[in-house]
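Below, read A as the first sequence line, B as the second, and so on, with proteins coming before strands; counting in each chain starts at 1. Just so we're clear, the structure is a prediction, and the values are computed from it rather than from any experiment.
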Amino acid sequence: MQELINRAKELLADGTVARVLGWKAGDLPYNPEPAYFEKEEDFADFVYNGFCGANLSKYMIEASKLEGKTLVCLKPCDTYSFQELMKEHRVDREKAYIIGVGCKGKLDIEKIKAMGIKGIKSISGAEIEDEAETLTINTIYGEKTCSYADAMLERCHVCKGKDHMIFDEVIGESKETKDADRFAEVEKIEAMSPEEKFAFFQKELSKCIRCNACRNVCPACSCRKCVFDSNKFDSAQKANVDSFEEKMFHIIRAFHVAGRCTDCGECSRVCPQGIPLHLFNRKFIKDINELYGEYQAGADLEPRTPLTNYEFEDVEPGIVAERG
Amino acid sequence: MYKIAKENLTALFQKIAAEQELYLPVKTAGQVNFGVWTEDAEVDLDTLKSVKSPKDVFFPQSETLYTCIRDGKKIKIEPEALKEQNFVVFGMKACDVKGVEVLDRVFLVDPLDTFYAARRDHGTIVALACHEPEETCFCKVFGVDAADPSAADVATWLIGDELYWKALTEKGEALTEAVKDLLTEDGAAEETVEKEKEAIRGIVEQLPYTNLSLDGWNGDVLMEKFEDPLWDELYKPCLACGTCTFVCPTCQCYDIKDYDAGKNGVQRYRCWDSCMYSDFTMMAHGNNRKSQKERFRQRFMHKLVYYPANNDGMYSCVGCGRCVEKCPASLNIVKVIKAFQKQGGEQ
Amino acid sequence: MSIEKNEEFRPKIVAFCCNWCSYAGADLAGSSRMSYSADVKIIRVPCSCRVNPMFILRAFERGADGVIMCGCHPGDCHYTSGNFYARRRMTLLFSMLDYIGVENGRTRVEWVSAAEGAKFSQTMHEFVDKIAALGKNVRLEDLRCRN
Amino acid sequence: MKTEKNRAELIKEISGVNPLKCMKCGKCSASCPSYNEMDIKPHQFVSYVINEDIESLVNSKSLWKCLSCFACVERCPRDVKPGKLIDAARQIVVRERGNTYLDPDEIPELIDPDTPQQLLVSAFRRYRR
Amino acid sequence: MQRIGVFVCHCGSNIAATVDVKKVAEMALHEPGVVHAEDYAYMCSEAGQELIHKAIKEKHLTGLVVCSCSPRMHETTFRNAAERAGLNPYMVEIANIREHCSWIHKDVEEATEKAVILMRAAVAKVNLNAPLKPGESRVTKRALVIGGGIAGIQTALDIAEAGYPVDIVEKTPSIGGRMSQLDKTFPTLDCSSCILTPKMGEVNAHPLINIYTYSEVESVSGFVGDFTVEIRKKARSVDMDKCTGCGLCQEKCPSKKTPSEFNRGLSTRSAIYTPFAQAVPNVPVIDRDACIKFKTGKCGICSKVCQAGAIDYDQIDQIVTEKYGAIVVATGFDMIKLDKYDEYAYSQSKDVITSLELERIMNAAGPTGGHLERLSDGKAPKEIVFIQCVGSRCSDDRGKSYCSKVCCMYTAKHAMLIRDKYPDTNVTVFYIDVRTPGKNFDEFYRRAVEDYGVNYIKGQVGKVIPQPDGKLLVQGADLIDNKQILKEADMVVLAAAIEPNPDVRKIATMLTASIDTNNFLTEAHAKLRPVESPTAGIFLSGVCQGPKDIPETVSQAGAAAVKAIGLLAKDKLLTNPCTAHSDELMCNGCSQCANVCPYGAITYEDKEVNDHGIRETRRIAVVNDALCQGCGACTVTCPSGAMDLQGFSNRQILAEVDAICR
């Protein structure tokens, strides 16, 4: 982290960049927030640890409008989002100085809390330099431990890899965290009966409070005005009055990013109700891979995505019924 | 004071639910929220905070106000019926009960919100003390005693294998009467509960936010705070989602919308709104808060300045800490208060 | 509507037809007097690629029991490539509907040329039968619209 | 006894051939190495099936003169493939001789436990198409 | 709020017998916005249109719904009627209660119920209609003809004769096409080049025709009336202006081993060459792959011998950009490859040839100087077998499903010519059917049989087996005599199927003109618009649209020319107003819509916007109305709904959905 800070200060000092977009330490051990650093003294609060899960590429939409370059810290998975946004002309490559930061998997405080750990005073083992496989959590109810891997976000277990797709320089080591099959959860649902599937999603989606966190955090959901906020389709909704609206929102949300979603997992990370929203996006990704060939959004800058492309021999929609 | 063995709680819930609707913390797909009790509901009294505050029991996320039905070339208006049945909310925490008080000062003053008032009239609150407060809690800052939910109709404590039960109001007495055959009188109860209260208060003292100072927020500080350049920085990570407002026990803003249900007419309904949304209070000419900074500022100014100015200095934050836990960008009211403090310190 | 039939289940079916092939195919079915169920109501769109998934969900929301989309045969699109895009969109949408537990078969895509009046009629027969067998759409409707 | 119509249908089903596609070009007969031995020529097979005269076919010499070299199958420009029709007619003879082919449900009782499974599978492939 | 009039047509008894039209009209009055409803026997009649006119005037209608036959039938009629009464024509919607209702249902109650719903959907839509105005686009008065064969030549001449400039783009070094390779033409047996060469000269000399030979279309943009085409003029290495066409360079060129394309590889040509003697222009090109100078840097003989100094080794490809109002495709055909027909031994024996090769052999300017001889040993063949339908009428993937149409006639021609010139040579034709529809065609075929003694055998050949002695053993069937035939032949001629020029796919893609599964260009209507592509401004001439003989090609070429002239004669075109538009306050500028637009109609601009008081410069999609054809692909790709389609807007379609599901 110190290397990152030093380099950032250097680039700030020599005028290469006008500001640095990174993370600022929070007032609890686990809540750093995305922040801009413009002056040397601001860096006192700069932090990059296991809780810096936020994907900063979306902030680059606004940062691209500012004067001068913004140094942005992007984790390997964030760089996919950045490229996708570049493709869509939503961020300006010229306005970004990308430092690819290393990643050893990001932590999910909800997972730690789900282990019954509460009253957290401090957490050690989450620093990026730490080699520790275990987190030690000091709480007002005593000291607790848990393995780093168990506290990791779901997305890190199915990591796309620790290579940065785009960067000006890379600082920090990464460690492979993939230890699960990306589509296993989707396959599990696919294997269910229609009734089970319906019950599963009905239950999960019934928790949705339409806070729009999933949408607003999503780098692919970068519309100036979302279709769910406008009268273009008479579809503006602020609440799920009927359970239909839960399905409508989440199907369309996922559909609109289908072929563009990099599977960064931010939607599931931020959902206050813990809805596994990635299951929607990943279903589309799995279908695209199976039906139209392996595709990873954000891995390149080819303008056409699977949904803005076609082959004469594409499968017919009837395949869905045939697969059954 | 009464008590009931933990193992008999299901019987208690059955008994209550036989007569009226019962809302309590229910776990669905891994998350605890207040919901209607049913035989197969997974009741969870151990999780300290429901994701959403229980305010939706009185102020639902959406509710139909009236329906317009076209009848030839005429239009018939059918108002939605007000709540007429009694119901019980079991397991609200002291902060949430205080949150209801905040809502009351909005909805129960002139002009009276009849939908809300009807629910308040028919609802009985059975509160539960917080036995294991967490690091995100700061209710004490706003004068809430996590150990003693005294503003409820019934206060309860879960100590060991017993639930201790104390009726505090007439409604509370009535409910107690209705379930009396499941409760047992316990002379020693007061003492047990007092001991627990002290223990809870002891924990509260250790919480990191407990001694958060509100200095600088009271008094005539509106313009000073409104114009403070600090807002220019604070809002930046905000994603403009509505998480903080929707989990909050005191946020009371709503929007009114129409839904065309075809043959069933056009339903006019209200639903929670969030000042974080870009179309919040959008009018025909546009929006009077054009930037996210202004919208972000609105939320905290409302909680800490505008509301107290109109309500005898009562803040419209109860320190439940839900926003601290749930904000996707890790922003929250505590960080705002602290930022101003820090700045104050430097000045 | 005053003309009410109470007894058996009458499905509501929305058919999106592209102007150039399928709508003309439906016209041909008409001029050839090839009957199909009156439960099918056709909406004319310029091309199958004009059909937004939101239209389909909207139909279900409002109580439709089945939605079928017809377009030119792949390769015959009046706009050269519209139906190719539509094909991918619908494939993914249908797969998603299947995934969340909506009964398979409530949605369908069929390519019907302007010359295939018989195919149009036959397709509608099959589809209506399928929907009748599936019964009322309860998994994707908005209860506020139920009548 | 099956009607001629049924038998013609069966031939079409077994062979997967639509004889109506034939444009009577005669390339099959031109290609056939056993042509001179045959009483009903390969190209005529097609019209026999179309005309549902299966009795003549199953009694013909040709049926057993065909070498199954599949030259006609390879070269037929219309996907009619008389060789397959002949093969199907032979199967009809075989089946009719043994009344009918096996019903899958009867098989378990009939199988000798030592019979290799592959044999069963290939038997099915041949006789249950 | 609209003031809508609903008009229910009886269509005599076509509708009224199954739909209670009175009831539909009565129910219409309950719909929002409807202020007038009536029914009438024939809405499309003069009297019916008068009713509409009157109602618009009297009731101040702002929108119309006509419940009648298919909009494909009378939408234009009713739109025109509305316009005459002062109403915007796009304020009219049709509820199709005939084809989609009365004609397919029997039960009156059921049909009426459906008709009411269809009417409601139309009313719901009209409530959201907005007046639309067609745009105008100018017409560039110049035509492009792609392909310089007889089809292209004829089209170009006809257009030029009408007074419009025409450019011909021809891929090879000379115009002339397939016809220039033919020896004689049926059914008159006149010499092909004798009738073609004057036309080539005429084209060359015409002041309004400009020929780009050795050139290809590189890109096409724009739309009907205003195409912009880039033409690649391949480096000829010879200066067209200086060359006198003396031919000395070709004579002296030391590299003479390249197979001649014109002679179908049966002879060779020099590296610097004109394809044939009568080439237009008579200017050679250097085949750089064969030229020693280009391969080794040494030689340069042609440059030395050229007195005009026309040789220019430094020439490079040039891109010419031109504007056209109309484009005619005349890309013609080629023979299919016969590598999948091994049974006919085409690749094994030099004496198995295609008919086009025979055409060259028979030609006085051909590889054998017009002597019929075996290519293997130069001996005169005594026994020739013709095999018909090689690769035509096939339903497998070896050949083509269609009939190539010209083979029966040219085979009769070949048979007759051979029998005439070499009476001691036997000619046998194996055929499946002999197809001779055409003026004097069957007579021609009968002459071959009756007067020239050509032996026609009904039956196909199964196999051609080359024998050690050089003979070819032909194994065929005689279906009439019901016997197998084994015949020894000296030469076998295959009537190979013809297929569209393989380049047509690329060209069709550039033009966004549709092609069928056989790569033939699709006509806008098989019967009524046979020489137009569905893509406006693109016309079809010759075999690119389907197999044709010369007289048919020439007449189609003329027809295509007339259609092009009809377009060029206009000064302005009205454009379809049902186009897409982006809401600039919502557009993200993400470019996804441009990715799916088949017409390249969407571009992006940095535009200053005022979004409810926020002023900023944004990248915004802009639709070119003249290019947009209104398919709507962009509207669904756009996630925010910023892109919408006039006339079929999101809200209009949703209103229809709602009305139907109500």
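Side-chain contact between C/N19 and E/R72 is present, with at least one heavy-atom pair separated by less than 4.5 Å. In this structure, the side chains of C/I42 and E/N96 stay at 4.5 Å or more apart for every pair of heavy atoms. Side-chain contact between E/V636 and C/P53: present, with at least one pair of heavy atoms (C-beta onward) separated by less than 4.5 Å. The shortest side-chain heavy-atom distance between C/Y85 and E/T637 does not fall under the 4.5 Å cut-off. Counting heavy atoms from C-beta on, the side chains of E/C631 and C/P46 never come closer than 4.5 Å. With a 4.5 Å cut-off on side-chain heavy atoms, E/S70 and C/Y23 count as touching. Inter-residue side-chain proximity for E/V657 and C/F16 is flagged as met; some heavy-atom pair is nearer than 4.5 Å.
Both the backbone and the side chain of C/V45 come within contact range of chain E, with heavy atoms under 4.5 Å apart. At a 4.5 Å heavy-atom cutoff, E/T522 makes no contact with chain C through either its backbone or its side chain. Residue contact with chain E, scored on non-hydrogen atoms closer than 4.5 Å, involves the backbone and the side chain of C/A24 alike. Both the backbone and the side chain of C/R44 come within contact range of chain E, with heavy atoms under 4.5 Å apart. If you measure heavy-atom distances from C/S37 to chain E, the contacts under 4.5 Å come from the backbone alone. Heavy atoms of E/A121 lying under 4.5 Å from chain C are absent altogether. Only the backbone of C/V51 comes within less than 4.5 Å of a heavy atom of chain E; no side-chain atom from C-beta onward does. For a residue to count as touching a neighbouring chain, one of its non-hydrogen atoms must lie under 4.5 Å from one of that chain's; by this rule E/D20 does not touch chain C. With a threshold of 4.5 angstrom between heavy atoms, E/S649 approaches chain C through N, CA, C or O but not through any side-chain atom.
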May I have the list of side-chain donor-acceptor pairs in residues 8-16 of chain E shorter than 3.5 Å, sequence neighbours left out?
unit_1: E/H10; atom_1: NE2; unit_2: E/D39; atom_2: OD2; d: 2.7
unit_1: E/N14; atom_1: OD1; unit_2: E/W103; atom_2: NE1; d: 3.1
unit_1: E/N14; atom_1: ND2; unit_2: E/C11; atom_2: O; d: 3.3

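With values rounded to the nearest 0.5 angstrom, C/D39 atom CG is found 7.0 Å from E/E110 atom CD. Atom CG of residue C/N52 and atom CG of residue E/D644 lie 9.5 Å apart, to the nearest 0.5 angstrom. For the atom pair CG (C/D142) and SG (E/C661), the distance works out to 12.0 Å, reported to the nearest 0.5 Å.
Heavy-atom neighbours of E/K106 NZ from other residues, nucleotides or ligands within 6.0 Å: at or below the threshold of 12.
Of the residues considered (C/V67, C/I43, C/V14), C/I43 shows the highest number of contacts with chain E, using heavy-atom pairs under 4.5 Å. Ranked by heavy-atom pairs shorter than 4.5 Å toward chain C, the options E/P598, E/G632, E/C101 are led by E/G632. Heavy-atom pairs under 4.5 Å with chain C were tallied for E/P71, E/A111, E/G641; the largest tally goes to E/P71. Taking C/C77, C/S48, C/A38, C/C47 one by one and counting their heavy-atom pairs under 4.5 Å with chain E, the maximum is reached by C/A38.
Using a distance-only test at 3.5 Å, with no hydrogens or angles considered, a donor-acceptor pair links the side chain of E/H105 to the main chain of C/Y36. The closest donor-acceptor contact from the side chain of E/R98 to the backbone of C/S31 lies at 3.5 Å or more, if one exists at all. No donor-acceptor pair closer than 3.5 Å links the side chain of C/K41 to the backbone N or O of E/I660.
Salt bridge annotation for E/E99-C/R33: absent, with no cationic side-chain nitrogen under 4.0 angstrom from a carboxylate oxygen. Looking at C/R58 and E/E656, no side-chain N of the basic residue comes within less than 4.0 Å of a carboxylate O on the acidic one, giving no salt bridge.
By a heavy-atom distance cut of under 4.5 Å, not one residue of residues 121-133 of chain C is near chain E.
The nearest pair of heavy atoms linking E/A633 to C/R89 is O-NH2, 3.0 Å.
Looking only at atom types and distance, the side chain of E/N650 has a donor-acceptor partner in the side chain of C/R50 under 3.5 Å away.
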